[in-house]
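In what follows, a single structure is set out as structure tokens and then discussed.
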Amino acid sequence: MNPSAPDLELARKVLAAQPFSVYLGARLTAFGDGVAVLELDARDELRQQNGFLHGGVLSYAADNALTFAAGTVAGAGLLTAGFTIDYLRPARGETLRARAEVVRPGRSRVVCRCELFMVDSDGAETLCAIAQGTISVSGA
């Protein structure tokens, strides 16, 4: 692990400094050793016309989780270079959980993948999307 990588408390402060993340009610529940988990509650205003969590919300969660996972090995000063997402099934449930992990750390880019689950009231997870992204290390 990179000694300059932020810890969970600092990562939560970074998340809290993002107005859009605050609006969505996002929270980091895990951060370290190449893994980050971001969660948010499914609210009516985040749903699309059929009642599923909107794909844009899933994309947000993937993007941020991928970047936070990269931060566990590369420290601060990161930007998403790009990512892809595949929606596997409608996002139904109470909580969105985006679990990202580092696939390959590098000096200038970090490759990560993310699984997005909807969690129901009993705590059961249903995989609804997967994403992979490349995070650029600033100054590299």
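For reference, positions follow the sequence shown, starting with 1.
- Shown here for Ala100 and Ala65, the closest heavy-atom pair between the two residues is CB-O, 3.3 Å.
- Between the Thr72 side chain and the Gly34 main chain, a donor and an acceptor come within less than 3.5 Å of each other.
- For Asn50 (side chain) and Phe52 (main-chain N/O), no donor-acceptor pair under 3.5 Å exists by modelled atom type.
- Considering only heavy atoms from C-beta on, Leu116 comes within 4.5 Å of Cys114 through its side chain.
- Heavy-atom contacts from other residues, nucleotides or ligands closer than 6.0 Å to CD of Glu9 number 12 or fewer.
- Val103 forms part of a hydrophobic cluster together with Val111, judged by ILVMFWY side-chain heavy-atom separations under 4.5 Å.
- At distances below 3.5 Å, not a single donor-acceptor pair connects side-chain atoms of Arg12 with backbone N or O atoms of Arg27.
- Contact check for Leu28 versus Leu8: side-chain heavy atoms found under the 4.5 Å cut-off.
- Each of Ile85, Asp86, Thr84 was checked for a side chain to side chain contact (heavy atoms under 4.5 Å, CB included) with Ile130, and the lone residue meeting it is Asp86.
- Put simply, Val73 and Leu79 are part of two different groups of oily side chains (I, L, V, M, F, W, Y) that touch within less than 4.5 Å, one to the next.
- For the residue pair Phe83 and Gly133, the shortest heavy atom distance occurs at CB-CA, 3.6 Å.
- Atom OG1 of residue Thr126 and atom CZ of residue Arg97 lie 11.0 Å apart, to the nearest 0.5 angstrom.
- The closest side-chain heavy-atom distance from Glu125 to Arg99 is below 4.5 Å.
- Between the side chain of Arg43 and the backbone N or O of Leu24 there is at least one donor-acceptor pair closer than 3.5 Å.
- The hydrophobic cluster containing Ile135 also contains Val137, counting ILVMFWY residues as joined when their side-chain heavy atoms lie under 4.5 angstrom apart, directly or transitively.
- When all heavy atoms of Met118 and Arg92 are compared, the pair lying nearest together is CB-O, 3.1 Å.
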Hey, can you pull the donor-acceptor pairs under 3.5 Å for the side chains in residues 53-64, sequence neighbours left out?
from: His54; atom 1: ND1; to: Gly56; atom 2: N; distance (Å): 2.7
from: Ser59; atom 1: OG; to: Gly55; atom 2: O; distance (Å): 3.3
from: Ser59; atom 1: OG; to: Tyr87; atom 2: OH; distance (Å): 2.8
from: Tyr60; atom 1: OH; to: Ser21; atom 2: OG; distance (Å): 2.6
from: Tyr60; atom 1: OH; to: Asn64; atom 2: ND2; distance (Å): 3.1
from: Asp63; atom 1: OD1; to: Thr80; atom 2: OG1; distance (Å): 2.5
from: Asn64; atom 1: ND2; to: Gln18; atom 2: OE1; distance (Å): 2.8
from: Asn64; atom 1: ND2; to: Ser21; atom 2: OG; distance (Å): 3.2

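- Contact annotation: the side chain of Leu38 approaches that of Leu15 to within less than 4.5 Å [non-hydrogen atoms, C-beta and beyond].
- Under a hydrophobic clustering in which Ile, Leu, Val, Met, Phe, Trp and Tyr are joined whenever their side-chain heavy atoms come within less than 4.5 Å, directly or via other members, Leu66 and Leu40 fall into the same cluster.
- The shortest distance between side-chain heavy atoms of Glu115 and Leu127 falls below 4.5 Å.
- Note on Phe20: it clusters hydrophobically with Leu96, by side-chain heavy-atom contacts below 4.5 Å among ILVMFWY residues.
- Counting heavy-atom neighbours within 6.0 Å of Arg113 CZ, excluding the residue itself, gives a total of 12 or less.
- Closest heavy-atom contact between Phe31 and Gly71: CZ-C, 4.1 Å.
- Across all their heavy atoms, Ala69 and Val102 have their closest contact at O-CG2, 3.4 Å.
- When all heavy atoms are compared, the tightest approach of Arg47 to Gly93 is NH2-O, 4.0 Å.
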